[in-house]
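Structure first, commentary second.
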Amino acid sequence: MTFDLSMPLVLEGATFALAVLVLIVGLVRQGDSGRAIGWMTFVGLLIVLGLTWVAEEGRSLFEGAFVQDGLALFAKRLVLAAAALSVLV
């Protein structure tokens with residue numbers, strides 16, 4: 001099995017990595033106002049949102065227990081776009 005960006009769970013892994021990165025940067029830069037962390041979160045969410053258009057529909061993992069279909073990709077795009085817009089507020 002080779003790794004490519006269109007595999008299922010890549011989007012979830014990228015979102016998890018972004019969350020860990022934001023938390024670590026937030027801990028290290030405690031005295032700052034948080035504007036840089038907010039912009040880093042916004043850009044990271046846009047990158048993960050861009051990865052949703054690379055993902056292929058109809059792929060699955062764990063013998064069909066995790067399916068990446070059109071509805072799942074739409075829901076991920078909707079949630080990521082809403083999260084990115086809420087970071088701007």
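The model shown is predicted, which means the values in this text are computed figures rather than measured ones. Counting from 1, the numbers follow the sequence of the chain as shown.
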Task: Sequence neighbours excluded, every pair satisfying salt bridge (charged side-chain N to carboxylate O under 4.0 Å, His left out) that has a member inside residues 13-25 - done: none
- [ ] Output every pair passing salt bridge (charged side-chain N to carboxylate O under 4.0 Å, His left out) with a member in residues 46-55, not counting sequence neighbours, ordered by first then second residue.
- [x]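 Output for this query is empty, none listed.
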- [ ] Taking all non-hydrogen atoms of both residues into account, name the closest pair between L18 and G44 and its distance.
- [x]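 In this case the closest contact between L18 and G44 is CD2-C, 3.6 Å.
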TODO: Of all the heavy-atom pairs spanning L46 and A84, show the shortest one and how long it is.
DONE: CD2-CB, 4.3 Å
Open item on the list: If hydrophobic residues (ILVMFWY) are linked whenever their side-chain heavy atoms come closer than 4.5 Å, directly or via other members, who joins L27 in its cluster?
Closed with: none
TODO: Any side chain to side chain donor-acceptor pair (under 3.5 Å) involving residues 17-27? Give me the pairs, sequence neighbours left out, ordered by first then second residue.
DONE: none
Open item on the list: Suppose the criterion is side chain to side chain donor-acceptor pair (under 3.5 Å): which pairs have a residue in residues 7-17, not counting sequence neighbours?
Closed with: E12-K76
- [ ] Could you list the residues that satisfy side-chain hydrogen bond (donor to acceptor under 3.5 Å, both in side chains) with T52, not counting sequence neighbours?
- [x]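 Expected list: R77.
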TODO: Say whether V87 and V79 are linked into one hydrophobic cluster, either directly or through other cluster members, by side-chain heavy-atom distances under 4.5 angstrom.
DONE: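 Per the 4.5 Å side-chain linkage, V87 and V79 are not co-clustered.
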Task: Shared hydrophobic cluster for V48 and V20 (ILVMFWY, side-chain gaps under 4.5 Å) - done: no
Task: side-chain contact (heavy atoms from CB on, under 4.5 Å) against V25, all qualifying residues, sequence neighbours excluded - done: L21, R29, I37, M40
Task: Partners meeting side-chain contact (heavy atoms from CB on, under 4.5 Å) with L88 (sequence neighbours left out) - done: W39, F42, L85
Open item on the list: If you define the side chain from C-beta out and look only at heavy atoms, does anything of L73 sit under 4.5 Å from L11?
Closed with: yes
Task: F16: partners by ring-ring contact (aromatic ring centres under 6.0 Å, His included), with sequence neighbours left out - done: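 Expected list: none.
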- [ ] Measure the CG-CD1 distance between L80 and I47 for me, rounded to the nearest 0.5 Å.
- [x] 12.0 Å
